[in-house]
*Asks:* 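One structure, pasted below without further comment.
Every value quoted in this text rests on a predicted model; they were computed, and no experiment measured them.
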Number of protein chains: 2
Amino acid sequence: MERSSRSRPPATLASLAAEVGVSRTTVSNAYNRPDQLSPALRARVMEAAARLGYPGPDPVARSLRTRKAGAIGLLLTEQLSYAFRDPAAVAFLEGLTLECDSAKVGLLLVPARPDSDDVTAVAGASVDGFVAYSMPDDDPHLRAVLARPVPAVICDQPAVPGTDLVGIDDHAAARGLADHLVELGHRRIGVVCMRLGRARRDGAVDLVRQQAAHYHVQRNRLAGLREGFTAAGVAWDRVPVVEQFDHSVESGARGAAAVLAMDPGITALIATSDVLAMGAIDELHRRRQRVPEDVSVSGFDGIRAAREMQLTTVVQPVEDKGRYAGRLLLDPARSTRGRKVVLPTTFLAGQTTAPPRVR
Amino acid sequence: MERSSRSRPPATLASLAAEVGVSRTTVSNAYNRPDQLSPALRARVMEAAARLGYPGPDPVARSLRTRKAGAIGLLLTEQLSYAFRDPAAVAFLEGLTLECDSAKVGLLLVPARPDSDDVTAVAGASVDGFVAYSMPDDDPHLRAVLARPVPAVICDQPAVPGTDLVGIDDHAAARGLADHLVELGHRRIGVVCMRLGRARRDGAVDLVRQQAAHYHVQRNRLAGLREGFTAAGVAWDRVPVVEQFDHSVESGARGAAAVLAMDPGITALIATSDVLAMGAIDELHRRRQRVPEDVSVSGFDGIRAAREMQLTTVVQPVEDKGRYAGRLLLDPARSTRGRKVVLPTTFLAGQTTAPPRVR
DNA sequence: TTGTAAGCGTTATCAT
DNA sequence: ATGATAACGCTTACAA
């Protein structure tokens, strides 16, 4: 049996070089530039490495020397465990990882819990760049990312000078949704939206809070809706708008209940995400209301489950968002910063919206 | 306007120390041991840091010195983009990230594509440990993980001496499923299973390949099924078993079609995962077969979608698997290696299995 | 083809 | 409370 490598101090490149009787350079080359060595010598080095249990050059030491971490960080607005429950976030991850795969860099998940201001995870991440996904504009983690001397790409957020950006035109897409409902004849509506700030809060939202929302995406979607309905003569300040901190089907149901409590007579319920819309439909069904005969419901995102149930929604290319984010960040020739990629969305008329019931 | 920090060589701890006129130690302490400094001096250091645009100690250099990467690696058997489509894998991730969150370590995703033997991502990952999730026993990436001089936890895999393990008793759980179907009266059955090896392959699987499967989980589930049906007098070598490389609903449908082509007279179709079972049900419905009246179907895993559709399945605590994996790896007092955590499973009789149709 | 020498930026230890 | 010194393990001009 071989001597256990655990009994000795672990082998290093230097100790291996000493063992073989060559310089450290040679051992380094054996690993990193095999063509710079005679095959025979390389074989001797590798044999000795196996014998000593040398696992190859230490990644951290290499990173320090080469100034390349070989990974990028992804800043997520949620406890990680939570993010994975959101199909849109998962699709974004899919796209991003695709690009990481082909660039051969790792992906380090960096959670940014909204209830924590501890930024050490961001400051301590050994990465060559960051992607920030849908962070509120006042988040300290986001600031910490921008403070790091590495490139960053932000996604679904307001532009930051000198930082690449990927997003969609939430305002226009929401406006299209509003126009669709207006055209169908809806004038008495309600809205369930995702969280507007970092502090937990559920319930009715007045116009001031809508416009001051720290989540860019929600702010713009609400603005687009407001524009569309205002243009149709709807008094927006009387439209019940309910914010739900949690993003889940159950939360959508609670939001719908809150809206209905504020105005039981609405003919259409607009959710700013498909997940919330699905919960809203659940709640309506529990109340023996038919969708769309009694109440129309619309979502946003175009996640798979929503499309399968024929939800009227706006389909956005979430996976492409991830791909573009990765591409911008990993682009070897990133001479220009501050690039913007605005992806197209498509309105999808499903089976959950119809003209309001005539009474 | 401040002088741009981009114009100068980036500040380091040393340059900051020189600027302030103190030693490097003092600057280091200002960041890592604030109590070792007079508040006044610390304030001076921090002020200078802000002025010079010093972003704080470099994570890589710190890692080299402290011999702590502050992250763990997760080895996944798939292209990452693929893994996120599997609800069970996502649940595992959820559990693992929960533990990472509370231990304040990052999670580095390391993809191990089955069609690639390139192990550099594993060798080059700056991590303090690895979790390997459901890798085939002959995978070079897995070997590379075990070769790294950091602790590892393996999940859903055969035991490796000296390495912690988390898993379930797949054999016993599958046996229970078989017993359930036997009891209902099923003798003519078919099986759709997940991939058994790293090479792409779809179609009928003979006993030799079943027993030689490189995926421990699939091997054991098949063995459990075989044991149960053999005990009931079913000739297992005549049971159509079909392997599907891809793990998706569509793939499950194709697998079901293949099984039905081999024996159109089966009364029960067993899938070794819920995702495959859902596809099988789709395929049966396309053929105007009712489930369970015409054909019974069972799954495995207990993912949310399966439970919602009342699939007969085995529920395994996937999220707990992730939590235990993280806990074992991050356990500060990991004196003992080679620990085993075997989690319980529960059989769940749903609405998709019933006695075979009488003819 | 191989070796020399100079860092990469930090923290631990020990001294003052 | 602050500082001097010595690593941590590696890569890479450049020289031989």
Side-chain angles (χ1 to χ4, degrees), chain A residues 5 8-45 48-49 52-70 120 123-128 148-150, chain B residues 8-46 48-49 52-70 120 123-128 148-150:
Chain A
S5 61
R8 288 166 302 184
T12 68
L13 191 131
S15 71
L16 179 55
E19 172 84 12
V20 183
V22 296
S23 75
R24 298 201 300 278
T25 305
T26 301
V27 177
S28 177
N29 283 336
Y31 281 94
N32 303 317
R33 301 203 162 98
D35 51 315
Q36 302 290 299
L37 245 68
S38 67
L41 181 53
R42 186 172 128 91
R44 263 178 61 212
V45 170
L52 266 61
Y54 177 64
D58 181 286
V60 173
R62 164 184 279 160
S63 286
L64 177 60
R65 184 59 240 235
T66 61
R67 312 264 58 202
K68 286 246 144 288
T120 54
S126 299
V127 294
D128 300 320
R148 289 276 309 256
V150 295
Chain B
R8 286 165 303 186
T12 68
L13 193 131
S15 71
L16 179 56
E19 172 85 12
V20 182
V22 296
S23 73
R24 297 199 301 275
T25 305
T26 300
V27 177
S28 178
N29 283 337
Y31 281 93
N32 303 317
R33 296 193 162 83
D35 51 316
Q36 302 291 298
L37 247 69
S38 67
L41 181 53
R42 186 172 128 89
R44 262 177 62 211
V45 170
M46 291 316 205
L52 267 60
Y54 176 64
D58 181 286
V60 173
R62 166 184 282 161
S63 287
L64 176 61
R65 184 60 243 235
T66 60
R67 312 264 58 206
K68 286 248 145 286
T120 54
S126 299
V127 294
D128 300 319
R148 290 276 308 256
V150 294

*Asks:* Please report, rounded to the nearest Å, how far the P atom of D/dA7 is from the CZ atom of A/Arg65.
*Replies:* 19 Å

*Asks:* I want to check one thing: is the phosphate of C/dT2, taken as OP1 and OP2, less than 4.0 Å away from some side-chain N or O of A/Asn29?
*Replies:*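 Indeed not, no polar side-chain atom of A/Asn29 lies that close.
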
*Asks:* Taking any heavy-atom pair under 4.0 Å as a contact, classify A/Arg42: base, sugar-phosphate, or nothing.
*Replies:*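 If one applies the 4.0 Å heavy-atom cut-off, A/Arg42 turns out to touch nothing in the nucleic acid.
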
*Asks:* To the nearest Å, how far apart are A/Leu16 CG and C/dG3 C1'?
*Replies:* 16 Å

*Asks:* Would you say a side-chain N or O of B/Thr12 is under 4.0 Å from OP1 or OP2 of C/dG9?
*Replies:*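 Negative; the distance criterion is not met.
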
*Asks:* Using a heavy-atom cut-off of 4.0 Å across all strands, would you classify A/Leu64 as base, sugar-phosphate, or nothing?
*Replies:* base

*Asks:* For C/dG3, take OP1 and OP2 only and decide whether either is under 4.0 Å from a side-chain N or O of A/Thr26.
*Replies:* yes

*Asks:* Under 4.0 Å, heavy atoms only, any strand: does B/Val60 hit a base, just the sugar-phosphate, or nothing?
*Replies:* nothing

*Asks:* Against A/Val22, only a single residue in A/Asn29, A/Leu16, A/Val27 fulfils side-chain contact (heavy atoms from CB on, under 4.5 Å); can you say which?
*Replies:* A/Val27

*Asks:* Atom CD of B/Glu19 and atom CZ of B/Arg44: how far apart are they, to the nearest 0.5 Å?
*Replies:*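 Interatomic distance, B/Glu19 CD to B/Arg44 CZ, rounded to 0.5 Å: 10.5 Å.
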
*Asks:* With a cut-off of less than 4.0 Å, is there a side-chain N or O of B/Thr25 near OP1 or OP2 of D/dG3?
*Replies:*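 Indeed not, no polar side-chain atom of B/Thr25 lies that close.
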
*Asks:* Rounded to the Å, how far apart are A/Lys68 NZ and C/dC8 P?
*Replies:* 17 Å

*Asks:* D/dC10 phosphate, OP1 or OP2: any side-chain N/O from A/Ser28 under 4.0 angstrom?
*Replies:*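 No, because none of the side-chain N or O atoms of A/Ser28 sits under 4.0 Å from OP1 or OP2 of D/dC10.
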
*Asks:* Look at A/Arg67 and C/dG9 and indicate whether a side-chain polar atom (N or O) is within less than 4.0 Å of OP1 or OP2.
*Replies:* yes

*Asks:* Tell me what B/Ser38 touches on the nucleic acid: a base, only sugar-phosphate, or nothing, going by heavy atoms under 4.0 Å.
*Replies:*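 Sugar-phosphate only.
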
*Asks:* How long is the line joining CG of B/Leu13 and P of D/dA6, in whole Å?
*Replies:*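 About 18 Å, once rounded to whole Å.
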
*Asks:* When we call it a touch if two heavy atoms are under 4.0 Å apart, what does B/Tyr31 touch: a base, just sugar-phosphate, or nothing?
*Replies:*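 Since no nucleic acid heavy atom lies under 4.0 Å of B/Tyr31, the category is nothing.
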
*Asks:* Could you tell me the separation between the CG atom of B/Asp35 and the C1' atom of D/dT2, rounded to a whole number of Å?
*Replies:*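 Rounded to the whole Å, the gap is 14 Å.
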
